[in-house]
Asker: 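Take a look at the following structure, please.
Just so we're on the same page: letters track the sequence lines, and every chain starts at 1.
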Number of protein chains: 2
Amino acid sequence: MSDAHSHTHSHGQSCVVSRGETEALVDEFVASLRADGFRRTDALVALLRVMIRNHQPYTLAELAEVEDLRERDQATIYRLVMKLKDAGKMRQLNLAGRVSYFQLVLPGHHHDYLRCESCGEVQEVPLPCALAEVERELMHSLGWKGLHHELEFIGLCPACAD
Amino acid sequence: MSDAHSHTHSHGQSCVVSRGETEALVDEFVASLRADGFRRTDALVALLRVMIRNHQPYTLAELAEVEDLRERDQATIYRLVMKLKDAGKMRQLNLAGRVSYFQLVLPGHHHDYLRCESCGEVQEVPLPCALAEVERELMHSLGWKGLHHELEFIGLCPACAD
DNA sequence: CGGTTTGTTGCAAGCCAATTGCACTTAAGG
DNA sequence: CCTTAAGTGCAATTGGCTTGCAACAAACCG
(Lines give C-alpha, C1' and ligand atoms only; values in the text may rest on other atoms or scores of the structure.)
Protein backbone atom coordinates (compact mmCIF):
# COMPACT_ATOMS: atom_id res chain seq x y z
CA MET A 1 0.00 0.00 0.00
CA SER A 2 1.22 3.50 -0.81
CA ASP A 3 3.90 3.85 -3.46
CA ALA A 4 7.52 3.06 -2.82
CA HIS A 5 10.10 5.56 -4.13
CA SER A 6 12.91 3.19 -3.28
CA HIS A 7 15.15 3.85 -6.26
CA THR A 8 18.00 6.27 -6.68
CA HIS A 9 16.66 9.77 -6.90
CA SER A 10 18.20 12.06 -9.44
CA HIS A 11 18.87 15.50 -8.12
CA GLY A 12 19.04 18.58 -10.27
CA GLN A 13 22.67 19.22 -11.12
CA SER A 14 22.85 22.65 -9.43
CA CYS A 15 25.76 24.34 -7.71
CA VAL A 16 28.66 22.28 -8.98
CA VAL A 17 32.03 23.69 -7.97
CA SER A 18 35.25 23.14 -9.90
CA ARG A 19 37.76 20.58 -8.66
CA GLY A 20 40.42 23.03 -7.53
CA GLU A 21 38.01 25.47 -6.03
CA THR A 22 36.47 22.66 -4.04
CA GLU A 23 39.77 21.81 -2.34
CA ALA A 24 40.19 25.38 -1.22
CA LEU A 25 36.66 25.51 0.14
CA VAL A 26 37.13 22.20 1.91
CA ASP A 27 40.28 23.45 3.60
CA GLU A 28 38.53 26.60 4.65
CA PHE A 29 35.57 24.65 5.94
CA VAL A 30 37.70 22.24 7.92
CA ALA A 31 39.63 25.15 9.41
CA SER A 32 36.43 26.77 10.62
CA LEU A 33 35.45 23.43 12.10
CA ARG A 34 38.53 23.30 14.31
CA ALA A 35 36.80 25.74 16.63
CA ASP A 36 34.08 23.13 17.18
CA GLY A 37 36.56 20.44 18.12
CA PHE A 38 36.69 18.71 14.75
CA ARG A 39 39.84 16.95 13.54
CA ARG A 40 40.90 16.77 9.93
CA THR A 41 40.22 13.12 9.18
CA ASP A 42 39.96 11.38 5.84
CA ALA A 43 36.28 10.73 6.37
CA LEU A 44 35.53 14.37 7.14
CA VAL A 45 37.47 15.63 4.14
CA ALA A 46 35.84 13.11 1.82
CA LEU A 47 32.39 14.02 3.11
CA LEU A 48 32.95 17.75 2.72
CA ARG A 49 34.48 17.27 -0.69
CA VAL A 50 31.29 15.64 -1.89
CA MET A 51 28.86 17.96 -0.18
CA ILE A 52 30.69 21.12 -1.18
CA ARG A 53 31.49 20.12 -4.72
CA ASN A 54 27.90 19.24 -5.33
CA HIS A 55 25.82 21.26 -2.93
CA GLN A 56 22.56 19.32 -2.70
CA PRO A 57 20.60 17.19 -0.24
CA TYR A 58 21.91 13.67 0.33
CA THR A 59 20.52 10.78 2.30
CA LEU A 60 22.89 8.87 4.55
CA ALA A 61 22.58 5.94 2.18
CA GLU A 62 23.58 8.09 -0.77
CA LEU A 63 26.58 9.44 1.09
CA ALA A 64 27.65 5.92 1.94
CA GLU A 65 27.80 5.14 -1.78
CA VAL A 66 30.08 7.99 -2.64
CA GLU A 67 33.71 7.76 -3.70
CA ASP A 68 36.08 7.59 -0.70
CA LEU A 69 33.19 6.93 1.65
CA ARG A 70 32.06 3.70 0.05
CA GLU A 71 34.23 1.48 2.20
CA ARG A 72 33.53 3.35 5.41
CA ASP A 73 31.18 2.37 8.16
CA GLN A 74 27.82 4.07 7.84
CA ALA A 75 27.91 4.86 11.53
CA THR A 76 30.96 7.00 10.89
CA ILE A 77 29.20 9.03 8.26
CA TYR A 78 26.17 9.24 10.48
CA ARG A 79 28.20 10.62 13.35
CA LEU A 80 29.99 13.12 11.18
CA VAL A 81 26.72 14.37 9.79
CA MET A 82 25.20 14.63 13.26
CA LYS A 83 28.18 16.44 14.65
CA LEU A 84 28.11 18.87 11.77
CA LYS A 85 24.43 19.37 12.41
CA ASP A 86 25.07 20.05 16.08
CA ALA A 87 27.66 22.59 15.05
CA GLY A 88 25.07 24.27 12.86
CA LYS A 89 26.94 23.40 9.67
CA MET A 90 24.51 20.83 8.39
CA ARG A 91 20.79 21.02 7.82
CA GLN A 92 18.40 18.10 8.02
CA LEU A 93 15.67 18.25 5.38
CA ASN A 94 12.55 16.15 5.63
CA LEU A 95 11.84 15.95 1.94
CA ALA A 96 10.39 12.49 1.74
CA GLY A 97 8.83 10.12 4.21
CA ARG A 98 11.05 8.15 6.53
CA VAL A 99 14.50 9.01 5.21
CA SER A 100 16.18 12.27 6.03
CA TYR A 101 18.19 14.34 3.62
CA PHE A 102 21.17 16.36 4.72
CA GLN A 103 22.72 19.39 3.12
CA LEU A 104 25.69 21.50 4.17
CA VAL A 105 24.93 24.99 5.34
CA LEU A 106 26.70 27.32 2.93
CA PRO A 107 25.57 30.91 3.52
CA GLY A 108 23.75 32.28 0.51
CA HIS A 109 23.03 28.86 -0.97
CA HIS A 110 19.40 28.39 0.00
CA HIS A 111 17.10 26.35 -2.20
CA ASP A 112 13.53 25.14 -2.34
CA TYR A 113 12.63 21.83 -3.94
CA LEU A 114 10.19 20.11 -6.22
CA ARG A 115 9.50 16.46 -5.50
CA CYS A 116 7.61 14.05 -7.74
CA GLU A 117 5.23 11.95 -5.70
CA SER A 118 5.30 9.24 -8.30
CA CYS A 119 8.98 8.64 -9.08
CA GLY A 120 10.61 10.47 -6.19
CA GLU A 121 12.69 12.78 -8.36
CA VAL A 122 13.85 15.88 -6.52
CA GLN A 123 14.87 19.06 -8.28
CA GLU A 124 15.65 22.58 -7.22
CA VAL A 125 13.15 25.33 -7.75
CA PRO A 126 14.71 27.57 -10.42
CA LEU A 127 13.12 30.70 -9.04
CA PRO A 128 14.33 33.11 -6.38
CA CYS A 129 12.74 32.51 -3.01
CA ALA A 130 10.90 35.43 -1.49
CA LEU A 131 10.27 34.09 1.98
CA ALA A 132 12.99 35.99 3.82
CA GLU A 133 10.54 38.81 4.25
CA VAL A 134 7.91 36.51 5.66
CA GLU A 135 10.49 35.22 8.13
CA ARG A 136 11.23 38.74 9.24
CA GLU A 137 7.55 39.44 9.69
CA LEU A 138 7.05 36.26 11.72
CA MET A 139 9.99 36.95 13.98
CA HIS A 140 8.72 40.45 14.54
CA SER A 141 5.08 39.64 15.16
CA LEU A 142 5.38 36.30 16.97
CA GLY A 143 8.70 36.60 18.75
CA TRP A 144 10.39 33.59 17.16
CA LYS A 145 14.13 33.80 16.63
CA GLY A 146 16.60 32.61 14.01
CA LEU A 147 14.03 31.45 11.49
CA HIS A 148 14.93 29.68 8.32
CA HIS A 149 12.58 27.56 6.26
CA GLU A 150 12.10 24.46 4.26
CA LEU A 151 9.81 24.60 1.26
CA GLU A 152 8.89 21.73 -0.95
CA PHE A 153 6.51 21.61 -3.87
CA ILE A 154 4.98 18.20 -4.41
CA GLY A 155 3.32 16.91 -7.55
CA LEU A 156 4.01 14.99 -10.72
CA CYS A 157 7.15 15.63 -12.74
CA PRO A 158 6.79 16.05 -16.51
CA ALA A 159 7.81 12.43 -17.11
CA CYS A 160 5.27 10.99 -14.67
CA ALA A 161 2.50 13.40 -15.64
CA ASP A 162 2.26 11.52 -19.02
CA MET B 1 24.09 13.62 20.11
CA SER B 2 21.57 15.92 18.46
CA ASP B 3 18.59 16.96 20.53
CA ALA B 4 15.61 14.72 21.09
CA HIS B 5 12.15 16.32 20.83
CA SER B 6 10.52 13.17 22.09
CA HIS B 7 7.74 14.73 24.11
CA THR B 8 4.18 15.52 23.22
CA HIS B 9 4.10 18.45 20.86
CA SER B 10 1.45 21.06 21.39
CA HIS B 11 -0.26 22.10 18.22
CA GLY B 12 -1.87 25.44 17.69
CA GLN B 13 -5.60 25.12 18.44
CA SER B 14 -6.75 26.10 14.92
CA CYS B 15 -9.76 24.99 12.91
CA VAL B 16 -11.95 23.46 15.59
CA VAL B 17 -15.38 22.50 14.30
CA SER B 18 -18.49 22.24 16.45
CA ARG B 19 -19.74 18.84 17.57
CA GLY B 20 -22.85 18.75 15.40
CA GLU B 21 -21.19 20.22 12.38
CA THR B 22 -18.48 17.61 12.65
CA GLU B 23 -20.96 14.74 12.37
CA ALA B 24 -22.38 16.19 9.19
CA LEU B 25 -18.92 16.62 7.70
CA VAL B 26 -17.94 13.10 8.71
CA ASP B 27 -21.03 11.67 6.99
CA GLU B 28 -20.28 13.66 3.90
CA PHE B 29 -16.65 12.59 3.94
CA VAL B 30 -17.51 8.92 4.36
CA ALA B 31 -20.02 9.16 1.56
CA SER B 32 -17.39 10.55 -0.79
CA LEU B 33 -15.11 7.73 0.25
CA ARG B 34 -17.56 5.07 -0.91
CA ALA B 35 -16.39 5.73 -4.43
CA ASP B 36 -12.92 4.61 -3.39
CA GLY B 37 -14.14 1.36 -1.93
CA PHE B 38 -14.23 2.44 1.71
CA ARG B 39 -16.74 0.99 4.16
CA ARG B 40 -18.26 2.89 7.03
CA THR B 41 -16.52 1.23 9.95
CA ASP B 42 -16.24 2.41 13.52
CA ALA B 43 -12.52 2.95 13.14
CA LEU B 44 -12.92 5.08 10.02
CA VAL B 45 -15.64 7.21 11.57
CA ALA B 46 -13.68 7.68 14.77
CA LEU B 47 -10.60 8.66 12.82
CA LEU B 48 -12.42 11.15 10.63
CA ARG B 49 -14.26 12.56 13.63
CA VAL B 50 -10.94 13.44 15.22
CA MET B 51 -9.21 14.70 12.14
CA ILE B 52 -12.13 16.77 10.92
CA ARG B 53 -13.14 18.19 14.28
CA ASN B 54 -9.60 19.31 14.90
CA HIS B 55 -7.98 19.78 11.55
CA GLN B 56 -4.26 19.55 12.29
CA PRO B 57 -1.32 17.23 11.71
CA TYR B 58 -1.23 14.07 13.84
CA THR B 59 1.36 11.37 14.21
CA LEU B 60 0.19 7.77 14.15
CA ALA B 61 1.05 7.54 17.82
CA GLU B 62 -1.08 10.56 18.62
CA LEU B 63 -4.00 9.12 16.70
CA ALA B 64 -3.66 5.87 18.60
CA GLU B 65 -4.14 7.77 21.85
CA VAL B 66 -7.35 9.39 20.81
CA GLU B 67 -10.83 8.63 22.16
CA ASP B 68 -12.48 5.70 20.35
CA LEU B 69 -9.17 4.73 18.75
CA ARG B 70 -7.33 4.09 21.97
CA GLU B 71 -8.22 0.42 22.17
CA ARG B 72 -7.69 -0.23 18.49
CA ASP B 73 -4.70 -1.87 16.90
CA GLN B 74 -2.24 0.68 15.61
CA ALA B 75 -1.93 -1.31 12.40
CA THR B 76 -5.59 -0.61 11.75
CA ILE B 77 -5.10 3.10 12.09
CA TYR B 78 -1.98 2.88 9.98
CA ARG B 79 -3.83 1.12 7.20
CA LEU B 80 -6.72 3.55 7.28
CA VAL B 81 -4.34 6.47 7.07
CA MET B 82 -2.43 4.91 4.20
CA LYS B 83 -5.57 4.07 2.31
CA LEU B 84 -6.83 7.59 2.75
CA LYS B 85 -3.49 8.83 1.52
CA ASP B 86 -3.69 6.59 -1.53
CA ALA B 87 -7.14 8.00 -2.21
CA GLY B 88 -5.67 11.49 -2.06
CA LYS B 89 -7.65 12.38 1.07
CA MET B 90 -4.72 12.43 3.44
CA ARG B 91 -1.46 14.28 3.29
CA GLN B 92 1.78 13.14 4.84
CA LEU B 93 3.78 15.99 6.32
CA ASN B 94 7.43 15.64 7.17
CA LEU B 95 7.54 18.20 9.91
CA ALA B 96 10.04 16.58 12.19
CA GLY B 97 12.72 13.97 11.75
CA ARG B 98 11.77 10.36 12.33
CA VAL B 99 7.99 10.47 12.67
CA SER B 100 5.52 11.45 10.01
CA TYR B 101 2.54 13.67 10.56
CA PHE B 102 -0.73 13.18 8.75
CA GLN B 103 -3.46 15.64 8.03
CA LEU B 104 -6.76 15.25 6.20
CA VAL B 105 -7.07 17.02 2.90
CA LEU B 106 -9.91 19.50 3.29
CA PRO B 107 -10.02 21.85 0.31
CA GLY B 108 -9.33 25.40 1.36
CA HIS B 109 -7.71 24.44 4.65
CA HIS B 110 -4.06 24.77 3.76
CA HIS B 111 -1.53 25.75 6.41
CA ASP B 112 2.16 26.38 6.81
CA TYR B 113 3.94 25.69 10.07
CA LEU B 114 6.46 27.03 12.50
CA ARG B 115 8.54 24.48 14.37
CA CYS B 116 10.84 25.15 17.31
CA GLU B 117 14.10 23.29 16.90
CA SER B 118 14.65 23.31 20.62
CA CYS B 119 11.37 22.13 22.16
CA GLY B 120 9.63 20.74 19.09
CA GLU B 121 6.54 22.91 19.42
CA VAL B 122 4.61 23.21 16.17
CA GLN B 123 2.24 26.06 15.42
CA GLU B 124 0.40 27.28 12.39
CA VAL B 125 1.60 30.32 10.52
CA PRO B 126 -1.05 32.97 11.14
CA LEU B 127 -0.53 34.61 7.78
CA PRO B 128 -2.09 33.88 4.43
CA CYS B 129 0.09 31.82 2.15
CA ALA B 130 0.94 33.33 -1.20
CA LEU B 131 2.53 30.35 -2.90
CA ALA B 132 -0.38 29.32 -5.08
CA GLU B 133 0.90 31.71 -7.69
CA VAL B 134 4.38 30.23 -7.54
CA GLU B 135 2.84 26.81 -8.03
CA ARG B 136 1.05 28.02 -11.13
CA GLU B 137 4.25 29.52 -12.45
CA LEU B 138 6.18 26.30 -11.84
CA MET B 139 3.57 24.13 -13.51
CA HIS B 140 3.54 26.44 -16.47
CA SER B 141 7.28 26.84 -16.91
CA LEU B 142 8.50 23.38 -15.90
CA GLY B 143 5.62 21.15 -16.88
CA TRP B 144 4.94 19.69 -13.46
CA LYS B 145 1.34 18.81 -12.64
CA GLY B 146 -0.90 18.94 -9.59
CA LEU B 147 1.48 20.83 -7.37
CA HIS B 148 0.81 21.55 -3.74
CA HIS B 149 3.42 22.44 -1.19
CA GLU B 150 4.70 22.00 2.31
CA LEU B 151 6.30 24.96 4.02
CA GLU B 152 7.86 24.95 7.42
CA PHE B 153 9.65 27.73 9.23
CA ILE B 154 12.22 26.49 11.70
CA GLY B 155 13.77 28.39 14.55
CA LEU B 156 13.36 29.09 18.25
CA CYS B 157 9.93 29.73 19.76
CA PRO B 158 9.55 32.70 22.12
CA ALA B 159 9.87 30.43 25.17
CA CYS B 160 13.09 28.78 23.99
CA ALA B 161 14.59 31.98 22.64
CA ASP B 162 15.07 33.11 26.30
C1' DC C 1 60.69 13.13 18.17
C1' DG C 2 58.10 10.07 21.88
C1' DG C 3 54.11 10.58 25.11
C1' DT C 4 49.57 12.07 26.38
C1' DT C 5 45.05 13.65 25.58
C1' DT C 6 40.88 13.45 23.32
C1' DG C 7 38.28 13.17 19.20
C1' DT C 8 37.31 9.28 15.64
C1' DT C 9 36.20 4.85 13.78
C1' DG C 10 34.59 -0.05 13.10
C1' DC C 11 31.83 -3.52 14.58
C1' DA C 12 27.94 -5.29 16.42
C1' DA C 13 23.95 -4.88 19.00
C1' DG C 14 19.76 -2.21 19.98
C1' DC C 15 15.82 0.83 19.10
C1' DC C 16 11.48 2.01 17.40
C1' DA C 17 8.18 3.70 14.01
C1' DA C 18 6.53 1.76 10.24
C1' DT C 19 4.96 -2.33 7.51
C1' DT C 20 3.20 -6.85 6.35
C1' DG C 21 1.27 -11.91 6.42
C1' DC C 22 -2.38 -14.42 7.82
C1' DA C 23 -6.60 -15.94 9.65
C1' DC C 24 -10.79 -14.08 11.47
C1' DT C 25 -14.60 -10.66 11.38
C1' DT C 26 -17.94 -7.62 9.41
C1' DA C 27 -20.16 -4.15 6.24
C1' DA C 28 -22.61 -3.93 1.94
C1' DG C 29 -25.46 -5.59 -1.58
C1' DG C 30 -28.11 -8.89 -3.33
C1' DC D 1 -30.00 -14.66 5.20
C1' DC D 2 -25.91 -15.36 2.14
C1' DT D 3 -21.97 -14.06 -0.44
C1' DT D 4 -18.07 -11.35 -1.22
C1' DA D 5 -14.68 -8.25 -0.54
C1' DA D 6 -13.07 -4.94 2.72
C1' DG D 7 -11.51 -4.32 7.46
C1' DT D 8 -9.28 -5.89 11.73
C1' DG D 9 -6.22 -7.96 15.43
C1' DC D 10 -2.09 -10.04 16.46
C1' DA D 11 2.38 -11.15 15.86
C1' DA D 12 6.46 -10.91 13.40
C1' DT D 13 9.56 -8.30 10.30
C1' DT D 14 11.76 -4.41 8.22
C1' DG D 15 14.84 -0.71 7.88
C1' DG D 16 16.74 3.67 8.99
C1' DC D 17 18.89 5.20 12.30
C1' DT D 18 21.50 5.18 17.08
C1' DT D 19 24.73 3.69 20.59
C1' DG D 20 28.31 1.10 23.65
C1' DC D 21 32.71 -0.21 23.57
C1' DA D 22 37.42 -1.09 22.46
C1' DA D 23 40.95 -0.04 19.12
C1' DC D 24 42.93 4.13 16.49
C1' DA D 25 44.98 8.32 15.32
C1' DA D 26 45.00 13.59 15.06
C1' DA D 27 46.60 17.40 17.82
C1' DC D 28 49.24 19.05 21.27
C1' DC D 29 53.11 19.14 24.67
C1' DG D 30 57.48 18.95 26.44
Side-chain angles (χ1 to χ4, degrees), chain A residues 1-9 27 30-31 33-48 57-65 68-87 90 92-102 120, chain B residues 1-9 27 30-31 33-48 57-65 68-87 90 92-102 120:
Chain A
M1 203 168 273
S2 256
D3 40 18
H5 308 323
S6 33
H7 48 72
T8 330
H9 301 184
D27 285 346
V30 172
L33 253 22
R34 297 302 256 296
D36 298 290
F38 280 78
R39 285 179 182 175
R40 185 189 180 90
T41 61
D42 293 346
L44 177 61
V45 171
L47 178 67
L48 293 179
Y58 290 94
T59 63
L60 290 175
E62 286 169 350
L63 289 173
E65 282 308 310
D68 290 331
L69 285 175
R70 219 188 307 278
E71 60 275 352
R72 287 206 169 271
D73 186 0
Q74 230 173 299
T76 296
I77 301 170
Y78 168 75
R79 278 180 290 218
L80 274 178
V81 167
M82 285 304 131
K83 191 167 182 187
L84 285 164
K85 186 183 162 195
D86 288 348
M90 183 75 80
Q92 179 167 11
L93 307 179
N94 303 306
L95 297 176
R98 54 265 166 260
V99 292
S100 285
Y101 283 77
F102 296 92
Chain B
M1 202 168 272
S2 256
D3 40 19
H5 308 322
S6 32
H7 47 71
T8 329
H9 301 183
D27 285 346
V30 172
L33 252 23
R34 297 303 255 295
D36 297 290
F38 280 77
R39 286 180 182 174
R40 184 189 182 90
T41 61
D42 293 346
L44 177 62
V45 171
L47 178 67
L48 293 179
Y58 290 92
T59 64
L60 290 175
E62 286 169 350
L63 289 172
E65 282 307 309
D68 290 329
L69 285 175
R70 219 188 308 277
E71 60 274 351
R72 288 207 170 269
D73 187 335
Q74 229 170 297
T76 296
I77 300 170
Y78 168 76
R79 279 181 287 219
L80 274 178
V81 167
M82 285 304 132
K83 190 167 183 187
L84 284 163
K85 185 183 161 196
D86 288 347
M90 182 75 80
Q92 179 168 9
L93 307 179
N94 304 305
L95 297 177
R98 305 270 281 106
V99 292
S100 287
Y101 284 77
F102 295 92

Asker: Minimum heavy-atom separation for A:Q74 and A:A64, please, with both atom names.
Answerer: CG-CB, 3.7 Å
Asker: Decide whether a cation-pi geometry holds between B:K83 and B:F38; the criteria are a distance under 6.0 Å from NZ or CZ to the six-membered ring centre and an angle within 45° of the ring axis.
Answerer: yes
Asker: What is the distance, to the nearest angstrom, from the CG atom on B:L80 to the P atom on C:dT20?
Answerer: 15 Å
Asker: What integer distance in Å separates B:L84:CG from D:dA6:P?
Answerer: 15 Å
Asker: Let me spell it out: for each of B:F102 and A:D42, pick the nucleotide of DNA chain C with the closest heavy atom. Which residue's pick is nearer the 5' end?
Answerer: A:D42
Asker: Base, backbone or nothing for each nucleotide of nucleotides 11-16 of chain C, written B, S, -, heavy atoms under 4.0 angstrom, 5' to 3'?
Answerer: B-----
Asker: Rounded to whole angstrom units, what separation is found between the CD atom of A:Q92 and the C1' atom of D:dT18?
Answerer: 13 Å
Asker: B:T41: which residues meet the side-chain hydrogen bond (donor to acceptor under 3.5 Å, both in side chains) condition with it, sequence neighbours left out?
Answerer: none
Asker: Quickly work out the A:I77 CD1 to C:dT8 C1' distance and round it to whole Å.
Answerer: 13 Å
Asker: Below 4.5 Å, heavy atoms only, C-beta onward: do A:L60 and A:S100 meet side chain to side chain?
Answerer: no
Asker: B:A61: which residues meet the side chain to side chain contact (heavy atoms under 4.5 Å, CB included) condition with it, sequence neighbours left out?
Answerer: B:T59
Asker: State which residues pass salt bridge (charged side-chain N to carboxylate O under 4.0 Å, His left out) with B:R34; sequence neighbours excluded, sorted by chain then number.
Answerer: none
Asker: List in chain and number order the residues that pass side-chain hydrogen bond (donor to acceptor under 3.5 Å, both in side chains) with A:T76, two or more places apart in sequence or in another chain; answer none if no residue qualifies.
Answerer: none
Asker: Of the candidate nucleotides D:dG9, C:dA18, C:dG10, which contains the atom at the shortest distance from the side chain of A:R72?
Answerer: C:dG10
Asker: So which heavy atom on B:D36 is nearest to which on B:A87, and how close?
Answerer: CG-CB, 4.0 Å
Asker: Atom CG of B:N94 and atom P of D:dC17: how far apart are they, to the nearest Å?
Answerer: 12 Å
Asker: Using the side chain to side chain contact (heavy atoms under 4.5 Å, CB included) criterion, which residues pair with B:L69? Sequence neighbours excluded.
Answerer: B:A46, B:L47, B:V66, B:R72, B:I77
Asker: Short of 4.0 Å, heavy atom to strand atom, which residues of residues 33-40 of chain B count as contacting DNA chain C?
Answerer: B:R34, B:R39, B:R40
Asker: In whole angstrom, give the distance that lies between atom CG of A:L47 and atom P of C:dT8.
Answerer: 13 Å
Asker: State which residues pass side chain to side chain contact (heavy atoms under 4.5 Å, CB included) with B:A31; sequence neighbours excluded, sorted by chain then number.
Answerer: none
Asker: Using the C1' atoms of the five pairs at each end, what is the angle between the end axes of the helix from C:dC1-D:dG30 to C:dG30-D:dC1, to 10°?
Answerer: 30°
Asker: What residues, two or more places apart in sequence or in another chain, satisfy side chain to side chain contact (heavy atoms under 4.5 Å, CB included) together with A:E65?
Answerer: none
Asker: Find the distance A:Y78:OH to C:dG10:C1' and express it as a whole number of Å.
Answerer: 16 Å
Asker: Nearest of C:dT8, D:dG7, D:dT8 to any side-chain atom of A:K83?
Answerer: C:dT8
Asker: Could you list the residues that satisfy salt bridge (charged side-chain N to carboxylate O under 4.0 Å, His left out) with B:D27, not counting sequence neighbours?
Answerer: B:R40
Asker: Is the phosphate of C:dT9, meaning OP1 or OP2, less than 4.0 Å from a side-chain N or O of A:T41?
Answerer: yes
Asker: Expressed in angstrom and rounded to an integer, what is the separation of B:L60 atom CG from C:dT20 atom P?
Answerer: 13 Å
